Amino acid sequence: MDTRFRYAAITIAVVVTLAVTLLAQRGAANNQADTTTRIVKAAQDVIAAVDGPARAKLVFPFASPQKTNWSNLPSPMYRRNSLRLGDMTPAQRTTVMKLLSAALSTEGYQKVVNVMHGDEVLKRQSGGGGRGPAFGEDEYYLAFLGTPSASTPWMLQFGGHHLAINLTLGGTQASMTPSLPAAQPAQFEWEGRTVRPLGDENDKGFALINALDDKQRGQAILNYRVADLVLGPGQDGKTIQPEGIRASSLTAAQQTMLWDIVREWSCIMAETFAEPRLTEIKSHLNDTYFAWSGPTTNGSVIYYRIQGPTLVIEYAPQKSVEHIHTIYRDPTNDYGAKIAK
């Protein structure tokens, strides 16, 4: 082929590739903007359904101390100042659940609902009522930090015992860290089904550690015991040194297993935001670590951590496989730090 034609062909290919990439990026941005618009509309519907003193418990300034007011503890052991589901009418609660459905992926929404169902089971098991901890689906709280907007940053905060969802939105950007999906009991019966809110997180972790060879396992397994979250509630801004095996030392199949675990947390939020987030996490392959503490037989009480420059995931059963804590953070973007700039 003539050199001129060959260079012309290469130039055309590069231009076409760039054009396709730009169109894809524009399409993704449009999809994210559409998702934000839907979430904002659902949030406005919640606000419109609530009036009087209740609204003061629902909407806070974006920079309010309420932003960090979340915990895995039940009420009244931990005081939440936001609007309680149990104080809403059925119609108002329906608007809240529609909001969560809009803000979360299908799988993420179901995970949140399953955590709440589990707390209702815990309420029945504990006898309910009394002066002790308050369990059950009534004991979840909603707040908005800032005014729901399609352009300026604001935050949706939803949680209670064993659940904290902190979703910051700003136009086409979103961050769902820090968030805490947990479970107690870890397995229960609900409407004729066996439910494990964090079953995949457990099983996929054991599958990965057992997919490693002896040398890899020697790198991944810590030489000391970890029994609880290191960066859990109240640990904003704290840092820990990466430990374990680098993701770049895993085979392609093992890396796929690792990213599949990460999806369980990163893909709780709406798909249009979750996929770019997962792509960002994968881009730090050489600086992402997988660490393990405890036995490698499924059903054991263990701890594992996945950590990268923009990611910390911790999975930590609490002395029993029936009581599980987890945390999901982005050290660079907790509470939408990048979005709020």
Side-chain angles (χ1 to χ4, degrees), residues 70-75 77-78 104 107-126 133 135-137 139-140 158-166 176-190 193-210 221-222 225-235 240 244 257-258 260-268 290-307 311-329:
W70 59 273
S71 173
N72 59 291
L73 294 174
S75 299
M77 293 175 63
Y78 187 85
L104 306 178
E107 295 79 8
Y109 175 78
Q110 191 59 56
K111 192 187 300 285
V112 165
V113 169
N114 286 342
V115 170
M116 295 170 66
H117 287 339
D119 213 56
E120 188 69 23
V121 170
L122 188 61
K123 176 183 176 180
R124 299 170 189 172
Q125 292 175 346
S126 65
F135 303 125
E137 294 180 357
E139 301 301 325
Y140 289 85
F158 181 79
H161 185 220
H162 282 149
L163 180 66
I165 297 294
N166 294 306
M176 205 197 72
T177 61
S179 287
L180 188 155
Q184 185 187 17
Q187 178 173 312
F188 56 89
E189 298 297 314
W190 189 267
R193 298 180 296 112
T194 298
V195 179
R196 299 172 68 211
L198 302 179
D200 287 339
E201 290 84 339
N202 178 85
D203 295 347
K204 291 177 181 180
F206 277 103
L208 177 55
I209 193 66
N210 284 293
I221 298 177
L222 303 174
R225 188 80 173 95
V226 185
D228 201 356
L229 303 177
V230 180
L231 298 181
Q235 300 301 319
I240 51 177
M257 297 173 74
L258 178 68
D260 200 29
I261 298 172
V262 172
R263 289 185 66 91
E264 294 297 332
W265 283 269
S266 66
C267 293
I268 291 176
F290 174 64
W292 186 275
S293 175
T296 59
T297 302
N298 199 343
S300 303
V301 175
I302 58 89
Y303 165 96
Y304 70 76
R305 180 192 310 147
I306 303 172
Q307 183 175 358
L311 172 72
V312 177
I313 287 172
E314 295 183 86
Y315 178 92
Q318 303 296 289
K319 300 181 181 180
S320 165
V321 294
E322 283 303 309
H323 185 179
I324 300 169
H325 290 175
T326 84
I327 192 70
Y328 171 54
R329 286 185 179 272

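All figures in this text were calculated on a predicted structure; none of them were measured in a lab.
Side-chain contact between I221 and I209 is present, with at least one heavy-atom pair separated by less than 4.5 Å. In this structure the side chain of M116 never reaches within 4.5 angstrom of the side chain of H162, judged on heavy atoms. At a threshold of 4.5 Å between non-hydrogen side-chain atoms, the residues I327 and Q235 do not count as touching. Residues I268 and S179 form no side-chain contact, since every pair of their non-hydrogen atoms from C-beta on lies 4.5 Å or further apart. Contact annotation: the side chain of C267 never approaches that of W265 to less than 4.5 Å [non-hydrogen atoms, C-beta and beyond].
Side chains of E189 and T194: a donor-acceptor N/O pair is present below 3.5 angstrom, by distance only.
Taken from NE2 in H161 to CD in Q184, the straight-line distance is 5.5 Å, to the nearest 0.5 Å. Going from atom CG of N72 over to atom OH of Y78 covers 10.0 Å, rounded to the nearest 0.5 Å. Remark: D228 CG to K319 NZ distance equals 9.5 Å, nearest 0.5 Å. Once rounded to the nearest 0.5 Å, the distance linking CZ of R263 with CD of E107 reads 8.0 Å. For the atom pair CG of N114 and OH of Y109, the computed distance is 10.5 Å after rounding to the nearest 0.5 Å. Atoms CG and CG, from D119 and L163 in turn, are 9.0 Å apart once rounded to the nearest 0.5 Å.
Nearest heavy-atom pair, E139 versus S75, reported as atom, atom and distance to 0.1 Å: OE1-CB, 4.2 Å. Minimum interatomic distance between K111 and E264 (heavy atoms only, all atoms of both residues): NZ-OE1, 3.3 Å. Here the closest heavy-atom approach between residue Y140 and residue G160 is recorded as CD2-N, 3.5 Å. Taking every heavy atom of both residues into account, P185 and G118 meet most closely at CD-O, 3.4 Å. In terms of heavy-atom proximity, F290 sits nearest to G205 at CZ-O, 4.4 Å. Considering every non-hydrogen atom in both I324 and A186, the closest pair reads CD1-CB, 3.7 Å.
Between W292 and F206, the angle of the ring planes goes over 60°, which puts this pair in the perpendicular group of the 30/60° scheme.
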Legend entry - Chi angles and distances behind the side chain to side chain contact (heavy atoms under 4.5 Å, CB included) call for Q125, V121: CA-CA 6 Å; Q125 292 175 346; V121 170; 3.6 Å; yes

Inset, instruction - Could you please spell out the steps behind the side chain to side chain contact (heavy atoms under 4.5 Å, CB included) verdict for I261 and Y304? - result: CA-CA 11 Å; I261 298 172; Y304 70 76; 3.6 Å; yes

Inset, instruction - Applying side chain to side chain contact (heavy atoms under 4.5 Å, CB included), run through W190 and E120 and close with a yes or a no. - result: CA-CA 10 Å; W190 189 267; E120 188 69 23; 4.0 Å; yes

Legend entry - Test side chain to side chain contact (heavy atoms under 4.5 Å, CB included) applied to T326 and E201, step by step: CA-CA 10 Å; T326 84; E201 290 84 339; 5.8 Å; no

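Side chain of T296 to backbone of N210: no donor-acceptor contact under 3.5 angstrom is found. Checking side-chain atoms of S300 against main-chain N and O of I302 turns up no donor-acceptor pair under 3.5 Å. At least one donor-acceptor pair under 3.5 Å links the side chain of Q318 to the backbone N or O of A316.
Checked options L229, V230, L231, I313; the residue passing with R305 is V230 (criterion: side chain to side chain contact (heavy atoms under 4.5 Å, CB included)).
Taking the centre of each ring, H117 and F188 stay at or above the 6.0 Å mark.
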